[in-house]
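Scroll down for the structure; my scribbles are underneath it.
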Amino acid sequence: MATDRLTEIVLPGVVQPDGLQVRSGPVPVPGAGQVVIRMEATGVSFAEQQMRRGRYYDQPPFPFVPGYDLVGIVGSAGTGVDAGLAGRRVAVLTKVGGWASHVLVEAADVVPVPDGVAPDEAETVVVNGITAWQMLHRRARVQAGQTVLVHGANGGVGSTLVQLAVLAGARVIGTASPRHHDRLRDLGAVPIDYRADVPAAVRELAPDGVDAVFDHLGMPSVLDSWRLLAPGGTLVAYGSAATRDDTGSKQLPVLKILARTWMWNALPNRRRAGFYNIWAGRGLAKRRFRARLRHDLAAVLQAMAEGHVTPQIAARLPLAEAADALRLAESGTITGKVILTP
């Protein structure tokens with residue numbers, strides 16, 4: 001792929017993966033406080049799967065370039081940017097725009113990648129790592145000796161959650177297909193079949209309930225997850241994967257979860273629940289939001305550099321094969337993240 005031209009993948013509307021378009025143009029020029037990153041690795045997250053269906057709850061209007069995050073080298077910088085960033089490998093959360101050979105971002109949003117961590121490895125823990133870290137430590141405040149339940153423990157966020165929870169000293173129960181159970185055991189989790197009677201299996205392993213549940217499935221799984229909490233426990237919902245292929249309002253599934261968590265929190269039941277949104281607080285306190293994001297991503301990247309978090313890479317495909325990458329990510333047969341490279 002030529003380095004002096006911009007290549008990007010465009011999502012033109014609600015299409016099948018083959019409907020993605022490849023667009024070429026000039027490399028963007030950074031303005032004040034901005035940098036252009038030469039992408040080395042980006043990825044396919046659940047958000048892109050929803051976006052192509054028009055079902056991500058706050059996606060931009062079509063057409064747009066998807067890509068929730070990326071890792072790459074700072075190629076050029078605008079005025080007011082630290083000169084030390086030039087040539088550095090950095091990671092950044094973008095929400096959209098990451099599926100491109102060159103990406104223009106605010107310098108204040110980038111996080112240096114530690115030496116010894118490869119770009120595709122770092123890419124597995126940008127959006128996934130921030131999400132897992134913040135849910136574990138900022139929302140549930142999991143402590144050593146506690147027991148947590150991770151739904152979809154073989155996925156990108158789930159496998160990162162498992163590893164960070166084990167690192168924190170927690171006992172982890174993870175749901176997944178039986179073909180992923182050996183891998184979950186390797187990561188330190190006790191696996192259970194997601195197709196079985198999950199509440200019964202969890203109660204057998206944790207008769208007094210669990211201290212935290214991380215649930216991306218939506219209703220009715222959230223209802224079961226709430227009932228599995230021990231006194232003082234926390235439910236963190238962070239998606240509605242069960243409605244991925246539904247039609248109708250894309251906001252309604254999230255609103256239903258929000259309404260239920262608000263009701264639970266209003267009752268004196270010694271448990272709490274919430275819906276996690278990685279972008280919460282960005283509009284009201286941007287400086288604080290950025291500082292928190294940089295701190296948490298840096299912590300996960302350092303844990304990876306120290307060998308506590310192992311990258312879960314399902315496959316690597318070139319950017320031009322984004323359609324195949326999206327199909328693979330949507331297949332439900334993989335462990336970890338599908339990576340796109342230049």
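Between the CG atom of Leu297 and the CG atom of Asn128 there is a distance of 11.0 Å, given to the nearest 0.5 Å. One finds the CD atom of Gln312 at 4.0 Å from the CZ atom of Arg183 (value rounded to the nearest 0.5 Å). To the nearest 0.5 angstrom, Thr94 atom OG1 is 6.0 Å from Leu70 atom CG. To the nearest 0.5 angstrom, Leu293 atom CG is 12.0 Å from Lys286 atom NZ. Expressed to the nearest 0.5 Å, how far CD1 of Ile9 lies from OG of Ser101 amounts to 9.5 Å. In this structure, CG on Leu229 lies 9.0 Å from CG on Leu149, to the nearest 0.5 angstrom.
By the criterion of side-chain heavy atoms lying less than 4.5 angstrom apart, applied directly or through intervening Ile, Leu, Val, Met, Phe, Trp or Tyr residues, Val190 is grouped together with Val210 in one hydrophobic cluster. Linking ILVMFWY residues whenever their side-chain heavy atoms come closer than 4.5 Å, directly or via other members, leaves Val300 and Ile339 in distinct clusters. No chain of hydrophobic side-chain contacts below 4.5 Å, direct or via other Ile, Leu, Val, Met, Phe, Trp or Tyr residues, connects Val162 to Tyr194. Both Met263 and Trp226 are part of a single hydrophobic cluster, where members link through side-chain heavy atoms under 4.5 Å apart. Both Trp279 and Leu258 belong to a single network of hydrophobic side chains, linked directly or stepwise wherever heavy atoms of I, L, V, M, F, W or Y lie under 4.5 Å apart.
When all heavy atoms are compared, the tightest approach of Gly33 to Glu106 is O-OE1, 3.6 Å. The nearest pair of heavy atoms linking Leu317 to Asp324 is CD2-CB, 3.8 Å. The shortest heavy-atom contact between Leu104 and Pro30 is CD1-CA, 3.6 Å. Taking every heavy atom of both residues into account, Val44 and Ala325 meet most closely at CG2-CB, 4.0 Å. Ala140 and Ala212 make their closest contact through CB-CB, 4.0 Å (heavy atoms, listed as atom of the first residue, atom of the second, distance). Contact between Arg294 and Ala108 at its shortest, heavy atoms only, is NH1-O, 2.6 Å.
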Salt bridge (Lys or Arg N to Asp or Glu O under 4.0 Å) evaluation trace for Lys95 with Asp58
CA-CA 10 Å; Lys95 194 174 196 177; Asp58 61 347; 2.7 Å; yes

Full working for side-chain contact (heavy atoms from CB on, under 4.5 Å) between Leu319 and Met39:
CA-CA 10 Å; Leu319 183 63; Met39 186 271 288; 4.1 Å; yes

One pair to check against side-chain contact (heavy atoms from CB on, under 4.5 Å): Val309 and Val125. What are the steps and the verdict?
CA-CA 9 Å; Val309 174; Val125 294; 4.2 Å; yes

Passes side chain to side chain donor-acceptor pair (under 3.5 Å), Arg55 versus Gln49? Steps please.
CA-CA 9 Å; Arg55 293 198 58 78; Gln49 299 175 40; over 6 Å; no

I'd like to know whether Arg327 forms a side-chain contact (heavy atoms from CB on, under 4.5 Å) with Gln16, so could you lay out the CA-CA distance, the side-chain angles of the two residues, the decisive distance to 0.1 Å, and finally the verdict.
CA-CA 9 Å; Arg327 272 192 293 268; Gln16 294 299 314; over 6 Å; no

Criterion side chain to side chain donor-acceptor pair (under 3.5 Å) on Ser221 and Asp215, from CA distance to verdict
CA-CA 7 Å; Ser221 179; Asp215 193 323; 2.7 Å; yes

Criterion side-chain contact (heavy atoms from CB on, under 4.5 Å) on Val213 and His151, from CA distance to verdict:
CA-CA 8 Å; Val213 184; His151 286 282; 3.9 Å; yes

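Note on residues 198-209: no pairs pass side chain to side chain donor-acceptor pair (under 3.5 Å), not counting sequence neighbours. Sorted by first and then second residue, the side chain to side chain donor-acceptor pair (under 3.5 Å) pairs with a member in residues 156-171 form an empty list; sequence neighbours excluded. Pairs passing the salt bridge (charged side-chain N to carboxylate O under 4.0 Å, His left out) check and including a residue from residues 138-166, sequence neighbours excluded, read Arg138-Asp296. Within the structure, side chain to side chain donor-acceptor pair (under 3.5 Å) contacts touching residues 259-270 (residues at least two apart or in different chains) do not occur.
The one candidate from Arg88, Arg89, Arg316 that meets the salt bridge (charged side-chain N to carboxylate O under 4.0 Å, His left out) condition with Glu40 is Arg89. Each of Asp82, Leu93, Val90 was checked for a side-chain contact (heavy atoms from CB on, under 4.5 Å) with Val110, and the lone residue meeting it is Val90.
Using cut-offs of 30° and 60° for the angle between ring planes, the Phe62 and Phe64 rings count as parallel.
When side chains are defined from C-beta on, Leu20 counts as touching Leu11, because their heavy atoms get closer than 4.5 Å. Here the side chains of Val338 and Ile313 are not in contact, with every heavy-atom distance at 4.5 Å or above. The side-chain heavy atoms of Val103 and Val36, taken from C-beta on, include no pair separated by under 4.5 Å. The shortest distance between side-chain heavy atoms of Leu340 and Trp99 falls below 4.5 Å. The shortest distance between side-chain heavy atoms of Pro114 and Gln302 falls below 4.5 Å. Side-chain contact between Val92 and Val126 is absent, with no heavy atoms from C-beta onward closer than 4.5 Å. Side chains of Met304 and Pro311 form a contact here, defined as non-hydrogen atoms less than 4.5 Å apart. Within the 4.5 Å cutoff, no side-chain heavy atoms of Asn277 are placed close to those of Tyr238.
A donor-acceptor pair under 3.5 Å is absent between the side-chain atoms of Asp211 and the main chain of Val148, judged by distance alone. For the pair Gln34 (side chain) and Gly31 (backbone), a donor-acceptor distance under 3.5 Å is present. Between the side chain of Arg271 and the backbone N or O of Thr234, no donor-acceptor pair lies under 3.5 Å. Glu306 places no side-chain N or O within 3.5 Å of a backbone atom of Ala303 that could act as its donor or acceptor partner.
Under a cut-off of 6.0 angstrom, the local environment of CZ in Arg288 is sparse, with at most 12 non-hydrogen atoms contributed by other residues, nucleotides or ligands. Residue-environment remark: CG (Asp186) exceeds the threshold of 12 foreign heavy atoms within 6.0 Å. For NE2 of His308, the number of neighbouring non-hydrogen atoms (other residues, nucleotides, ligands) closer than 6.0 Å is greater than 12.
Here Asp182 pairs with Arg185 under the side-chain contact (heavy atoms from CB on, under 4.5 Å) rule; sequence neighbours left out. When the side-chain contact (heavy atoms from CB on, under 4.5 Å) test is applied to Arg23, the partners found at least two apart in sequence or on another chain are Glu8, Val10, Val65.
For the residue pair Tyr68 / Glu48, no side-chain donor-acceptor distance below 3.5 Å is found, with atom types taken as modelled.
Note on Lys337 versus Asp69: salt bridge recorded, some NZ/NE/NH1/NH2 to OD/OE distance being below 4.0 Å.
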